[in-house]
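These notes concern the structure reproduced below.
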2 protein chains.
Amino acid sequence: MPKRVVPETDRRRRRPTKQGQVLTHQLIVETALRMLREHGADGLTARRLGLALGADASTVYRYFRGMDDLILAIADELFAHAMAGWRSTGDWRSDLRELGLRIHHAYLAHPQAAVLTASRVTGRPNEVAADETILGVLRGAGFPDADAVRIYHAFIDQSLAFSILDAATLALPVAAREADEEVWQDTYARLPAATHPNIAATAALLVARMNDSAYPTALDMLLSSASAQLRG
Amino acid sequence: MPKRVVPETDRRRRRPTKQGQVLTHQLIVETALRMLREHGADGLTARRLGLALGADASTVYRYFRGMDDLILAIADELFAHAMAGWRSTGDWRSDLRELGLRIHHAYLAHPQAAVLTASRVTGRPNEVAADETILGVLRGAGFPDADAVRIYHAFIDQSLAFSILDAATLALPVAAREADEEVWQDTYARLPAATHPNIAATAALLVARMNDSAYPTALDMLLSSASAQLRG
DNA sequence: TCATCAACGTCAATGGCGTTGGCATAAGGA
DNA sequence: TCCTTATGCCAACGCCATTGACGTTGATGA
């Protein structure tokens with residue numbers, strides 16, 4: 001039985017689809033990202049992706065081994081967005097802060113994609129380049145290798161953790177977002193003081209705040225800690 | 001067209017299934033949690049859940065409005081596990097640290113469930129009870145309401161962010177876990193120093209570390225910051 | 001010039017999924 | 001006893017990812 005094989009490179013000019021579209025890996029990834037933003041995480045299906053490309057669902061399988069393979073490609077695309085045009089300022093703390101915020105913003109710009117790719121290790125070029133850059137900043141700052149790696153892990157963990165949390169909230173289907181918002185308004189704001197004195201006392205403050213990102217603050221805490229370590 | 005209605009309470013004795021099982025909401029949630037642990041997030045389907053209960057898939061819809069409703073019930077069950085048997089020690093810092101670790105451990109004990117429920121607001125009893133408890137600890141410590149709410153949000157954000165990240169890693173299908181591990185070993189450990197000097201120099205350190213949770217450290221940083229705020 | 005061959009778009013089919021309408025049955029209440 | 005209601009089950013709908021087979025295209029080389 002001849003197994004379907006996905007070629008690694010584009011050695012041959014592509015034949016256009018019925019609708020005249022010429023496909024490439026990059027085009028498919030970009031289309032998938034657009035579909036994710038417009039239709040949510042559940043809206044990205046092989047059928048719909050094919051349709052958006054002016055092609056058949058099965059055509060996607062000529063380019064990717066399956067949806068998981070496509071998702072990893074999307075994950076790497078996020079890192080490409082995050083790192084595009086980055087330049088060192090010479091100051092490791094502002095470099096690291098900038099890198100963290102770039103990753104965070106790349107996730108928030110495509111929350112549905114971010115949720116799908118959460119915690120995957122792709123080993124693909126753009127993700128590897130980001131790792132190389134971060135380690136370079138830390139080693140260039142003078143951290144011994146062991147410390148640099150420890151801070152690298154803490155930095156990545158913190159960046160990804162908050163990014164995934166925020167993205168997961170943003171990526172919820174509109175219906176779920178509205179249901180959750182209703183729960184805040186209807187449940188928390190109306191709990192009786194007799195059974196829930198602390199929620200009742202702070203209900204207005206609790207419900208008022210929605211989604212002012214906590215990540216930048218956490219990032220600064222991490223950088224302060226690393227600075228102390230470098231001086232000490 | 002008669003819409004299927006899910007009754008809120010169990011006012012009537014249940015009729016056993018063909019296999020003699022008597023169903024309750026609680027039993028279904030517990031069975032779903034077991035299926036999640038044993039078969040992964042994709043392994044929880046209405047058909048399989050029905051089968052595991054000795055019933056039909058559609059029977060689940062007599063108890064829950066749909067899979068989303070079931071997932072919210074599962075989310076609340078995680079909070080029940082986290083809070084079971086909790087008692088205040090009288091010291092707000094150790095109380096808060098304990099609560100954070102309890103939530104973290106509840107997530108890690110059911111990573112597949114944690115991923116499904118990430119960032120949902122259920123407003124159901126156990127989640128609300130946890131919120132009431134946390135706010136009670138902070139207000140009892142002497143924080144003014146505005147500060148208590150701010151720290152509550154930071155605490156919850158941090159706890160959930162790291163829990164979701166760790167759970168997402170643990171919840172990956174075995175195949176994906178192995179693929180990611182291979183990427184670490186095969187890609188990062190073999191990058192040439194010419195193109196990736198920093199990864200090449202620290203490859204052994206990078207690859208050696210897998211999943212020593214960063215959350216407790218981050219939690220302690222948060223508590224130190226809150227302490228300073230209370231004293232200042 | 002033309003045969004060969006790999007690339008790749010499309011079709012049809014498979015087996016799984018969530019969900020729902022309809023029906024049969026059993027438990028209480030009257 | 002009869003009626004209402006809860007509830008289990010069946011069959012069906014439309015969706016999904018994936019794959020084998022087939023036809024067509026373009027590049028290559030003799």
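Numbers restart at 1 for each chain; the letters A, B, ... are given by sequence-line order, proteins then strands.
Rounded to an integer number of Å, the gap from CG of A:Leu27 to C1' of C:dC8 is 15 Å. Following rounding to the nearest Å, B:Leu70 (CG) and C:dC17 (P) show an atom-to-atom distance of 15 Å. In this structure, B:Leu51 places its CG atom 15 Å from C1' of D:dG8, rounding to the nearest Å. D:dG20 atom P lies 16 Å from atom CG of A:Asp56, rounded to whole Å. A straight line from CZ of B:Arg65 to C1' of D:dT7 spans 17 Å, rounded to a whole angstrom. The CG-P distance, from B:Leu44 to C:dT19, rounds to 11 Å in whole Å. Rounded to whole Å, the distance from CG on B:Leu53 to C1' on D:dG8 is 12 Å. For the pair B:Arg48 CZ and C:dG16 C1', the computed distance is 9 Å after rounding to whole Å.
Proximity of a side-chain donor or acceptor of B:Arg102 to a complementary backbone N or O of B:Ala84 within less than 3.5 Å is detected.
Contact between the side-chain N/O atoms of A:Thr59 and the OP1/OP2 oxygens of C:dT10 is found at a separation under 4.0 Å. For D:dC16, one of the phosphate oxygens OP1 or OP2 lies less than 4.0 angstrom from a side-chain nitrogen or oxygen of A:Thr45. Checking the phosphate oxygens (OP1, OP2) of C:dT10, no side-chain nitrogen or oxygen of A:Tyr61 falls inside 4.0 Å.
Annotation: B:His110 is in aromatic contact with B:His81 [ring centroid separation under 6.0 Å].
Relative to the side chain of A:Met67, the nucleotides D:dA17, C:dT10, C:dG21 differ in distance, and D:dA17 lies closest.
Other residues, nucleotides and ligands contribute only 12 or fewer heavy atoms inside 6.0 Å of the CG atom of B:Asp42.
At a cut-off of 3.5 angstrom, counting only N and O atoms as typed in the model, there is no donor on one side facing an acceptor on the other between the side-chain of A:Arg62 and the base of C:dA7. The base of C:dG18 sits within donor-acceptor range of the side chain of B:Arg47, with an N or O pair under 3.5 Å.
Ring geometry, B:His25 versus B:Tyr63: the interplanar angle exceeds 60°, so the pair is classed perpendicular (tilted spans 30 to 60°). A tilted orientation is assigned to the rings of B:His104 and B:Tyr215, their planes being inclined by 30° to 60°.
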